[in-house]
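The next block holds one structure in the form of structure tokens; read it before the comments.
Lettering follows sequence order; numbering is per chain, from 1. All values below were derived from every heavy atom in this structure, side-chain atoms included, with hydrogens, water molecules and symmetry-related copies excluded.
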There are 2 protein chains.
Amino acid sequence: MSLRDERKQQSRQALLDAALTLSTSGRSFSTISLREVAREAGLVPTAFYRHFQDMDELGADLVDQVSLSLHHLIKSLREGYGLKAPSKTRMSIERFFAAVNDSPLHWEFLIGERWGGSNIVRGAIEREIHFFIDDLSQDMHKLPDFEHVKDHEDLRIMAEILINLAFSWAMTWLNLPEEQVLRDTQQEQLISRTTRQAQLLFKGISNWQSPIKTVNPE
Amino acid sequence: MSLRDERKQQSRQALLDAALTLSTSGRSFSTISLREVAREAGLVPTAFYRHFQDMDELGADLVDQVSLSLHHLIKSLREGYGLKAPSKTRMSIERFFAAVNDSPLHWEFLIGERWGGSNIVRGAIEREIHFFIDDLSQDMHKLPDFEHVKDHEDLRIMAEILINLAFSWAMTWLNLPEEQVLRDTQQEQLISRTTRQAQLLFKGISNWQSPIKTVNPE
DNA sequence: TGTACATCAGTGAACGCGCGTTCACTGATGTAC
DNA sequence: TGTACATCAGTGAACGCGCGTTCACTGATGTAC
């Protein structure tokens, strides 16, 4: 890559970073302005157009970048499945919160904009969540813990439940107090609570019998 | 109430209605302007200040109004508990979607602004959700189906799971296609799916044993 | 390697626009006598 | 009941501001010879 291309790439990234920062500092993506983003990135407003046609295009690209955190999480969870651990559920939950800690702004963005004001961003996030559910339910299909579940569709439902819950957990996690000691104890409590919620779900599915599909739903 | 007071009340309501409509038409509360709201309500911008100090104050009042739908739902569910029905879970789910149908904008607003851009609105919604969880978990405590659950805290966790799921269900419900026949079949499918998700949860809690609380969580 | 030209990321002035907010006002409604 | 005054929801002009977008430009980097 030429020197010019490299610098262009840097500016582009600065714009994306600026948009992410501004979107997650108590505001939302659809309330920030093109000029604010450029200013935060250290550029003149007109330079914005060298990289994106408008804020919608930047938003779509931002979702792509931020979604990498979802893929990293899937990867981390996969590495965990193979390990021996006293509680696999708890370990997966810990890996989840570690992912949230790694890139808190990414999670805040995904959760906050999932039902947010920009149609483009909302659609892009919903698509990524769909992929995540696919991946997760396929992983579960391979795990011995779930091999008694015959209907693949049941695992999808389970994965859907899990990701919806996970988003609430992440938001609670991110809103924990700053102060060290308080934070540590509340983090531990939250991990316990969420582990319990997940175990409750798994207990459910382990006793689950797929209902016979009737021809006439009435 | 005097004639003047009545008319003032009408204008005030027109402003609240306008804000709700604008907030749920593909945009969000924090992206709509005071002038837009006044215009939509058929008032001059400056008249806004006769009713609210600023958009934040209107937002807080709007959350109060919209939250009535949550209270109505709790009431409707309570009436259902007593009835004889082939599937109580399915009936509760049906009552839930009926509530969403009754005031779709209210639900769209609550869900969209729960993690939205306005701090004031976000806080007010989180408070209402808290009340809802309290009510729901207390109701569950009284139901025979859950009397074997000893730890009240487990019911709270359950109620938390349920409301988070319910919000996703409502959003899916609201995004179903407009076309009548397609809509009818997909509504039926969604009711079946969500009933199944809920039953899966209840199976879980019916097999649930509260973990012994260790002194040292390590 | 050196030169002459092309490319193009970033600049800065300018535009028209909708915004939130102020202010002095109007005129219908309410109140005191 | 009628009159004189007070209240106050709604009006309309005006303000300064940040916005998105256009345009002609600059000057560093890239390319062809």
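H141(B) and H152(B) have parallel rings, their planes meeting at less than 30° on a 0 to 90° scale where 60° marks the start of perpendicular. Classified by interplanar angle (parallel below 30°, tilted 30° to 60°, perpendicular above 60°), the ring pair W173(B)/F97(B) is parallel.
Going from atom CZ of R12(A) over to atom P of dG10(C) covers 12 Å, rounded to whole Å. Regarding F52(A), its CZ atom lies at a distance of 11 Å from the P atom of dG10(C), rounded to whole Å. Counting to the nearest Å, the P atom of dA9(D) and the NZ atom of K8(B) are 4 Å from each other. When rounded to the nearest whole Å, the span between CG of L43(A) and C1' of dA9(C) equals 9 Å. Protein atom NE2 of H51(B) is 8 Å distant from nucleotide atom C1' of dG10(D), rounded to whole Å. One can place CZ of R50(A) at 13 Å from P of dA24(D), the figure rounded to the nearest angstrom.
The two atoms that bring I125(B) and L110(B) nearest to each other are CD1-O, 3.8 Å, heavy atoms only.
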**Asked** Could you write nucleotides 18-23 of chain C as a row of B, S and -, 5' to 3', where a protein heavy atom under 4.0 Å of any base atom gives B, of only sugar-phosphate atoms gives S, and otherwise -?
**Response** -BBBBB
**Complete:** Its contact letters, B for base, S for sugar-phosphate only and - for none at protein heavy atoms under 4.0 Å, make nucleotides 26-33 of chain D read --BBS---
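The CE atom of M140(B) sits 9.5 Å away from atom CG of D145(B), with the distance rounded to the nearest 0.5 Å.
For D54(B), the side-chain contact (heavy atoms from CB on, under 4.5 Å) partners two or more places apart in sequence, or in a different chain, are D56(B), E57(B). In this structure, the side chain to side chain donor-acceptor pair (under 3.5 Å) partners of R78(A), at least two apart in sequence or on a different chain, are D139(A). Considering only residues two or more places apart in sequence or on other chains, D102(B) meets the side chain to side chain donor-acceptor pair (under 3.5 Å) condition with none of them. With sequence neighbours left out, H106(A) forms a side chain to side chain donor-acceptor pair (under 3.5 Å) with S69(A). Residues satisfying the side chain to side chain donor-acceptor pair (under 3.5 Å) criterion with W115(B), sequence neighbours excluded, are absent altogether.
A side-chain donor-acceptor contact under 3.5 Å links D17(B) and Q13(B). Between the side chains of Q180(A) and D184(A), at least one donor N or O sits under 3.5 Å from an acceptor N or O.
Taking the C1' atoms of five terminal pairs at each end of the helix from dG2(C)-dC33(D) to dC33(C)-dG2(D), the two resulting helix axes are inclined by 30°, rounded to 10°.
For residues 3-16 of chain A, the pairs satisfying salt bridge (Lys or Arg N to Asp or Glu O under 4.0 Å) are R12(A)-D61(A), with sequence neighbours left out. Within the structure, the salt bridge (Lys or Arg N to Asp or Glu O under 4.0 Å) test picks out no pair touching residues 166-181 of chain A (sequence neighbours left out).
Using a 4.5 Å heavy-atom threshold, the side chains of S137(B) and M158(B) count as separate.
Only at 4.0 angstrom or more do the heavy atoms of residues 57-64 of chain B sit from any atom of DNA chain D, so none qualifies. DNA chain D lies under 4.0 Å from no heavy atom of any residue of residues 14-24 of chain B.
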**Request:** Please lay out, stage by stage, how E160(B) and N164(B) fare under the test side-chain hydrogen bond (donor to acceptor under 3.5 Å, both in side chains).
**Result:** CA-CA 6 Å; E160(B) 266 177 53; N164(B) 284 320; 5.5 Å; no
